[in-house]
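Order of the sequence lines sets the chain letters (A, B, ...), proteins ahead of strands, with each chain counted from 1.
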There are 2 protein chains.
Amino acid sequence: MSGALSQEDKLDKRSPVPAYVQLAQILRQRISSEIYTSGNRLPSEAAIAGSFKVSGMTVRQALGVLVNEGLVERIQGRGTFVKRLDVATSCFGLDSFRSILTDRENVEVRILKATVEKARGKALEALGLTADDPVVVVERVILHRSQPLTLQVGFAVFDPESPVVENMLDTQVLTDLFFQENCGSFKKGELWLLPDSLDERQAALLGAEVGENAFRLEHIFYDFAGRPAAYGWFLLTPDKMQLSTRVGVWNE
Amino acid sequence: MSGALSQEDKLDKRSPVPAYVQLAQILRQRISSEIYTSGNRLPSEAAIAGSFKVSGMTVRQALGVLVNEGLVERIQGRGTFVKRLDVATSCFGLDSFRSILTDRENVEVRILKATVEKARGKALEALGLTADDPVVVVERVILHRSQPLTLQVGFAVFDPESPVVENMLDTQVLTDLFFQENCGSFKKGELWLLPDSLDERQAALLGAEVGENAFRLEHIFYDFAGRPAAYGWFLLTPDKMQLSTRVGVWNE
DNA sequence: AAGTGGTCTAGACCACCTA
DNA sequence: AGGTGGTCTAGACCACTTT
């Protein structure tokens, strides 16, 4: 067994796999097999560089990979340490939602409502408007393979000269936030995730049961002048958007 | 105005702020002010290095910062491009939950139940046991400033020699996953986030209303042999764990 | 004082893309 | 062929921590 180990403990410099990736992999395995143990120090950069006969920069790059994976922590003047599992540093991505939306030929958008109304409630506040300013309101159901995927409600400041209004009325725009194809008009955005449950109308539109638990994904986007320009939310049942994340050593 | 701009377009090499951070900031502002626009190419590494009189490595480091922020994308052979806003690349962290749990002097754990039972249902499946194998079941309420924060239910394989069982019965262990102080016994873990609503008992324990929407944070942890060792979940109302994230240019 | 990681230089060669 | 980013070297100096 130690033969197999020492074999993996050398870098193949002719390999197309970069040296720093190979090195990261070796160090990852040493963490996984408790050669380097939780809370303890790894050898110094110089020591690793010497033992693998690579430059300091290559070691640094390999350790950077492990830092990004949350496996180690580097402290100036002290060293590089194996991190303990830390649930709170993990984060939940929207990949499963995106993977459905990017399947474009099977996605269909059905407009339920597209009107100009007087602003009130949360949309008024989020968009920084004064009472009764006009806002564009759009409500859509997005379907995937003819099955309801999500109900989307959006509000935008009504400004006939703004491209945002055009975009709001376009069937594509909000899916484009995910398709990443037509969203140069926003500088930044903020998103919130909330637990919710479906009322009668929402359940009917999504083909789900009344009271069923769902995610509510709220969003607000700002234009390049820094003004809030679009506010709204998506309603999604959790089978349509699985949120999961991993911590610790998975890529051994 | 152009005077102010050109002033910021030089690096202060005597500053304690690293050159690559200053450079990233300048490039970020150029994206924010649409000097570099969505979808278009930035100057090449060599061009940036020349105009700021730094080495290629410093430019590379600065661009790496912007890549991590999701502002630009680098494509080998083509160049570095300003990314359009992309909701689906953002992710939700558990910082707000952690910030409460790490306020240790105000956190209190109240054990509701700690028994050994026969495995069944989801815990049996998650832990890879066969029917009626014994499992440790622990149920707790965690309070912050004497207010109920979360209800936690955990299952662990019953193995008298395993430190996990000891830990499960310890009032501290699962909060330690967050405190990051006593979790060297797990190699990896997986987490799921789900929308849920509180039943009568849960609502009473959490001082909330029956049917109120809540997050359910499920977790499973594996020991260094790769075996599932602990499964369970947290129930939390969204006021106790705000999940938000940002995309685009925020640090101008 | 010695050891650690953090920044930075000034090159080199390669893989990839576009023309 | 020429330009782009990706990897890598072999150093240098600095800031920080520990002894």
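- Using cut-offs of 30° and 60° for the angle between ring planes, the F234(B) and H219(B) rings count as tilted.
- Without hydrogens or angle criteria, W192(B) side chain to I220(B) main chain gives no donor-acceptor distance under 3.5 Å.
- T80(B) has no side-chain polar atom (N or O) that falls below the 4.0 Å cut-off from OP1 or OP2 of dT4(D).
- As rounded to whole Å, 8 Å separates atom P of dG5(C) from atom CZ of F81(A).
- For Y20(A) and dC8(D), the shortest distance from a side-chain N or O to OP1 or OP2 is not below 4.0 Å.
- Remark: C1' of dA15(D) and CZ of R14(B) are 19 Å apart, rounded to the nearest angstrom.
- One finds a side-chain N or O of R78(B) lying less than 4.0 angstrom from the OP1 or OP2 phosphate oxygen of dT18(C).
- Contact annotation: S55(A) does not reach the phosphate of dG11(D) (side-chain N/O to OP1 or OP2, under 4.0 Å).
- Nucleotide dC14(C) holds its C1' atom 13 Å from the CZ atom of R60(B), rounded to whole Å.
- Listed candidates were dC16(D), dT7(C), dC8(D). Nearest to the side chain of Q76(A) is dC16(D).
- A close approach under 4.0 Å does occur between a side-chain nitrogen or oxygen of K13(B) and OP1 or OP2 of dT9(C).
- For the pair E73(B) CD and dG6(D) C1', the interatomic distance rounds to 15 Å; values are reported in whole Å.
- At the heavy-atom level, A19(B) lies under 4.0 Å from the strands shown only through sugar-phosphate atoms.
- At least one donor-acceptor pair under 3.5 Å links the side chain of S96(B) to the backbone N or O of Q242(B).
- N251(B) has its side chain within reach of R28(B): a pair of non-hydrogen atoms, C-beta onward, lies under 4.5 Å apart.
- As a whole-Å value, the separation of I48(B) CD1 from dT4(D) P is 11 Å.
- Two residues are said to be in side-chain contact when any heavy atoms from C-beta on lie closer than 4.5 Å; L27(A) and L63(A) meet this criterion.
- Using a 4.0 Å heavy-atom distance criterion, I75(A) is classed as a sugar-phosphate-only contact.
- OP1 or OP2 of dT4(C) has at least one side-chain nitrogen or oxygen of R41(A) nearer than 4.0 Å.
- Proximity of K53(B) to the phosphate of dC8(C): no side-chain N or O atom is located under 4.0 Å from OP1 or OP2.
- When the C1' atom of dT4(D) is taken as reference, atom CG of L42(B) falls 13 Å away, rounded to whole Å.
- Proximity of R74(B) to the phosphate of dG6(D): a side-chain N or O atom is located under 4.0 Å from OP1 or OP2.
- Rounded to whole Å, the distance from CD on E45(B) to P on dT9(C) is 13 Å.
- Contact between the side-chain N/O atoms of S44(B) and the OP1/OP2 oxygens of dG3(D) is not found at any separation under 4.0 Å.
- Counted by atom type alone, E190(A) and Y222(A) present zero donor-acceptor pairs between their side chains at under 3.5 Å.
- Place M57(A) and P43(B) on DNA chain D by their nearest nucleotides, and P43(B) ends up nearer the 5' end.
- The nearest whole Å value for the distance from the CG atom in L23(B) to the P atom in dT7(C) is 14 Å.
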